[in-house]
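Chain A is the first sequence line, chain B the second, and so forth, proteins listed ahead of strands; every chain is numbered from 1.
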Amino acid sequence: MCRLFAMTSEKPLSPMVAIHALDVMREGHDGSGVGLFLSDLGGPFEELKGTPILSGIFSNDGLKRLDQFMMNIGFMTKYRFSIKVPKRPPLGVPKRDVYLIRAYEYPEDWEHLSQSEIDHRLLLIRLQLRQMGEEKEDMIVYSFWPDVIMLKEIGDPMNVADYLSLDRDELKARIILAQGRQNTNYAINLYACHPFFIQGVATMTNGENTAFVPIREFLMSRGFPGYIGYNSDSEVFTHILHYSLNRLGLGIEAYKHVITPLQDEDLERHPDGGFLKQLKNSCRRLIIDGPNCVMGCLPDRSLFMVQDRKKLRPGVVGGRPGLYAFSSEMCGLDSAIPDRDKSRDFQPMHLDTAVVASDRAEVKTWSQMETLALLH
Amino acid sequence: MVTNGNISPSTLSVKDLPWQIDWDKDRCTLCGRCTAVCPVHAIELGVYRKRHIELPSLDAGLARNNGGSNVYQIFQGIRQKTDPAYACVGCAACSLVCPNDCIIPRRSDEADKLKFHVNQGGQPRRRGGRRNVRDVGQGGILDQIKFTRISMLTDPALDAGRHEFEVRTLLGRVLPPEESLRLYREQGWAPPVREIYPLVIGAMSFGALSPNMWEGLQMGVAYLNEELGMPVRMCTGEGGCPPRLLRSRFLKYVILQIASGYFGWDEIIHALPDMQEDPCAVEIKYGQGAKPGDGGLLMWYKVNKLIAAIRGVPPGVSLPSPPTHQTKYSIEEAVAKMIQSMYMAWGFRVPVYPKISGSSTALAVLNNLTRNPYAAGLAIDGEDGGTGAAYNVSMDHMGHPIASNLRDCYLNLVKLGKQNEIPLFAGGGIGKNGNLAANAAALIMLGASAVQTGKYMMQAAAGCLGSESDRCNICNIGLCPKGITSQDPRLYRRLDPEKVAERVVDIYLSFDTELRKILAPLGRSTSLPIGMSDALAINDHNAAERLQIKYVV
């Protein structure tokens, strides 16, 4: 079962905090991959908040093709963050040419576009690059979005972090999601590494998603170009969240009602029973059947955690105002924030959603049985 | 046969019949119960003449007439008729009633000759029952499908006995989430949707079934709903619905069927103002798996006063429903109108869906329904469906197997992105070899939202004697030896409705447990695994390819 760790901090932190937490939980991952999602960035990216950042892995040929492509569509490089790696990678880590993190200037003719149009075009560019990369196997693209950096590689998290020197000063973020992967289902593939990202929504999951095939069929038939990939059964959790937020206009409080709806007798007693029943019926294909712990980051930079309907996975959130962490194991949280008030740690159960908003003031929790502040 | 008798082309010997009656003279008490019970009068009291050769007594000397001679005696026993009209159907009601176990029909050791002579008077064979198939016992495709994706170590398996399960499905047009939530916000009309148990008792009409059988099924359904909280539904078939049921609260457990004969709909329409509850749904029957392209066929034997009254016809006449609805002109127009009219009858509160027989045209029907915003689902009845009466040729040779038909339809919905929106109900041969839960689970994972079964209910709840190898199958003439499909009180009083109801409850409870035993190891419990084809495999390469599931050996 994969290990998950997420952190939100007032002060920008090095991703090494998360890597250390993963390392403490190392029984749970097998070196089949590590993934990092960084947002609310510090360091040099602090000044580049509005500009889209491309993250991915490129071969030298791929990089040339990328430059040509980006130039053709009018994107100019604004900031380049290069990771120079030692000649020989550690055991289990493949040799790559370029780990790319690059901020771009929007083309001039994008100035008058609406935000939703910009968001849509950024998505399409990422998909196009992904497709180009799959054709010649020379690029892997994780994200192309403002204020988001993603890094994924095969190997033990600590080895990979050392190899890529992730403890450098330029690389700091206030929001970090990290996953150490335990490959159980499908071939080892970088696109199968968590966290998954789409238009500001990032999630990571542990556990098998037994309802994967019908959910994938549902998402792929929505006619939305971003709902592709699915090298991992966990990618659907990200897309379901994106679908609920962007297509259904729901808030994070409703996410759990989409993936693990209440049973009918509970719905009958629920103050929003009518609405939730409608939601349950029409989103029947998005019901997950566990066992899963889902953690993620929303476009408004809040972090959240939910559990499957039977709460078959561990998961804890704790910290103090200004610094909170979500961890799939208690020891991960202890490693990252040892000096917190442990009596205030919270383990979301089968009805709970735990959220730390971007003000990092408190852990908000609510149960599915409560009234919803719906329809944002 | 006497030496100067005629041998007509249809003169058969006992050997030529599909069933031979084995009768044991030594044990027979000549009580006559077997001949009385035989529904087709295949056996009668036989008087046999027998010669005894008596040898002369040794001490009688050479005197004449000392007893050494032929002695003729008679004895009584059972004689099997060989007239095709009275051929034994193998029901074994004789064995059932025999106090000394001295009589039993045995299947002929070779193919019978009767089949070449059942069309006397130019009338092809008609019968009830099911499709006669050669592979009985080996199981069809549904029986061969295995569930191979078992969670054990990669994830904890669920516990079929202790975890919560929600074995429910939706009947009704489900709108896309965006549309559904918009209508909720704007308080617009949305199609009615029922949450039901995914095993529906398929259409068997009041008329095809005896009153006791119908009552038993209804009582079982009511008990399951009201005492056990299982939302089980039963379809009426084309025979209307008893007036008292129409006006009772139990109507909500009933799916009313309207078919091409419109039998019983006068009564239903007249009951509308008095209805306390809406029916669960309305099924418009356009076709039936057992006899595709043919309408219902209630033969005159079964049309007694009660049936005639409910159906609104004179008693004692055969009621062949037309093969198609007289108003049907085109699917785009007439079918849509019919669906809409039925909606209108209950103020757009009751889901209305068509039922068709499995067919290579099913996809065309489905595609059309996806564009009809009122169609609440599509029921597809495969070739293995049963019936109360049909032409033998329709039953044995017409129709489409359900598995691939359903799979095609589901994958087509996936392509259109409407797989949650128009529920597919699969029927026809589910549980025909006794594997009800496994067959149902396989169809659900191939894409069915629910399954419908009639035959299994007849067999398990009432002890129907029929089989896929042409046993009994006389439902059409109202002589059912168990009283299941008879309208003669002397026959149907054999069936205790209370016991039928008990069996219905037994069936559902055991089905539910078995279904959980399948779903739990697959890691599914909170939603029915509709279309979870990654769990399925089969050891037939062609079938795997056709159904787009895994091939395993």
Side-chain angles (χ1 to χ4, degrees), chain A residues 1 182-185 206-224 233 243-244 246-250 254 258-265 267 272 274-292 308-310 312-313 350 374-375, chain B residues 149-151 153-159 162-166 168-170 172 174-185 187 190 193-195 229 231 410-411 413-421 423 445 447 449 519 521-536:
Chain A
M1 188 186 71
Q182 169 79 45
N183 186 54
T184 46
N185 285 324
N206 58 21
E208 192 175 12
N209 175 7
T210 50
F212 171 53
V213 168
I215 297 176
R216 178 184 64 185
E217 283 170 350
F218 179 88
L219 289 168
M220 289 179 77
S221 58
R222 292 308 93 192
F224 183 74
D233 57 5
Y243 181 76
S244 327
N246 292 24
R247 300 283 295 267
L248 302 185
L250 301 172
V258 173
I259 57 173
T260 62
L262 291 172
Q263 291 213 322
D264 288 347
E265 48 270 34
L267 286 179
D272 299 309
F275 172 80
L276 292 176
K277 182 95 188 167
Q278 193 99 347
L279 188 67
K280 177 180 177 178
N281 285 354
S282 60
C283 294
R284 182 165 56 146
R285 279 305 148 87
L286 298 175
I287 297 175
I288 66 157
D289 233 332
N292 300 109
D308 64 79
R309 172 75 191 168
K310 299 190 175 55
L312 289 167
R313 291 299 189 207
H350 68 297
L374 279 167
L375 309 178
Chain B
R149 190 186 203 278
I150 315 292
S151 296
L153 297 177
T154 53
D155 272 304
L158 300 177
D159 185 330
R162 296 182 186 86
H163 275 126
E164 64 170 19
F165 276 75
E166 199 163 67
R168 298 282 185 274
T169 196
L170 299 179
V174 180
L175 297 174
E178 293 91 335
E179 180 72 358
S180 171
L181 298 187
R182 184 185 66 78
L183 286 169
Y184 186 83
R185 274 192 291 261
Q187 302 197 328
V193 173
R194 307 278 196 243
E195 195 158 351
Y410 177 75
L411 291 174
L413 285 180
V414 168
K415 213 186 290 172
L416 297 171
K418 288 184 182 289
Q419 63 271 41
N420 186 42
E421 298 171 17
M445 290 178 214
S449 285
L519 302 187
L522 305 181
R524 299 302 301 272
S525 64
T526 45
S527 76
L528 206 62
I530 301 165
M532 186 188 171
S533 53
D534 56 324
L536 301 180

Report yes or no: is the cationic atom of A:Arg216 (NZ for Lys, CZ for Arg) under 6.0 Å from the centre of the six-membered ring of A:Phe212, at an angle within 45° of the ring normal?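 Yes, A:Arg216 and A:Phe212 form such a contact.
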Between [X] and chain A, which part of the residue has a heavy atom less than 4.5 Å away: side chain, backbone, both or neither?
| X | result |
| --- | --- |
| B:Ile530 | both |
| B:Ala535 | neither |
| B:Leu175 | backbone |
| B:Thr169 | both |
| B:Val193 | side chain |
| B:Pro529 | neither |
| B:Phe165 | backbone |

Nearest-0.5 Å distance, CD of residue A:Gln263 to CZ of residue B:Arg168: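 Interatomic distance, A:Gln263 CD to B:Arg168 CZ, rounded to 0.5 Å: 8.0 Å.
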Looking at A:Lys277 and A:Asp264, does any basic side-chain N land under 4.0 Å from a carboxylate oxygen?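 A:Asp264 and A:Lys277: salt-bridged.
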Assess whether a salt bridge exists between B:Arg149 and A:Glu208, defined as any Lys/Arg side-chain N lying under 4.0 Å from an Asp/Glu carboxylate O.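 Judged by the 4.0 Å cut-off on N to carboxylate O distance, B:Arg149 and A:Glu208 do form a salt bridge.
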Which one, [options], leads in non-hydrogen pairs under 4.5 Å with chain A?
| options | result |
| --- | --- |
| B:Glu166, B:Arg182, B:His163 | B:Glu166 |
| B:Ser533, B:Gly531, B:Ser180 | B:Ser180 |
| B:Val414, B:Asn420, B:Leu528 | B:Asn420 |
| B:Met532, B:Glu195, B:Glu164 | B:Glu164 |

Go through the steps to decide whether A:Leu250 and B:Leu181 satisfy the test side-chain contact (heavy atoms from CB on, under 4.5 Å), and finish with yes or no. CA-CA 10 Å; A:Leu250 301 172; B:Leu181 298 187; 4.2 Å; yes
Would you please name every residue forming a salt bridge (Lys or Arg N to Asp or Glu O under 4.0 Å) with B:Lys418, sequence neighbours left out?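 Only B:Glu421 meet the salt bridge (Lys or Arg N to Asp or Glu O under 4.0 Å) criterion with B:Lys418.
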Contacts of B:Arg524 that satisfy salt bridge (Lys or Arg N to Asp or Glu O under 4.0 Å) - sequence neighbours left out: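 A:Asp289.
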Where does A:Arg284 contact chain B at under 4.5 Å (heavy atoms): side chain, backbone, both or neither?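 For A:Arg284, the contact with chain B is made by backbone and side chain together.
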Atom group of A:Ile288 that falls short of 4.5 Å from chain B, counting heavy atoms: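 Backbone only.
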Search all heavy atoms of B:Tyr184 against all heavy atoms of A:Phe275 and return the closest pair with its distance.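 Smallest interatomic distance, heavy atoms only, reads OH-N, 3.0 Å.
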Scan side-chain atoms only and decide if B:Thr526 and A:Lys310 contain a donor-acceptor pair under the 3.5 Å cut-off.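 On atom types as modelled, these side chains do not qualify, holding no pair under 3.5 Å.
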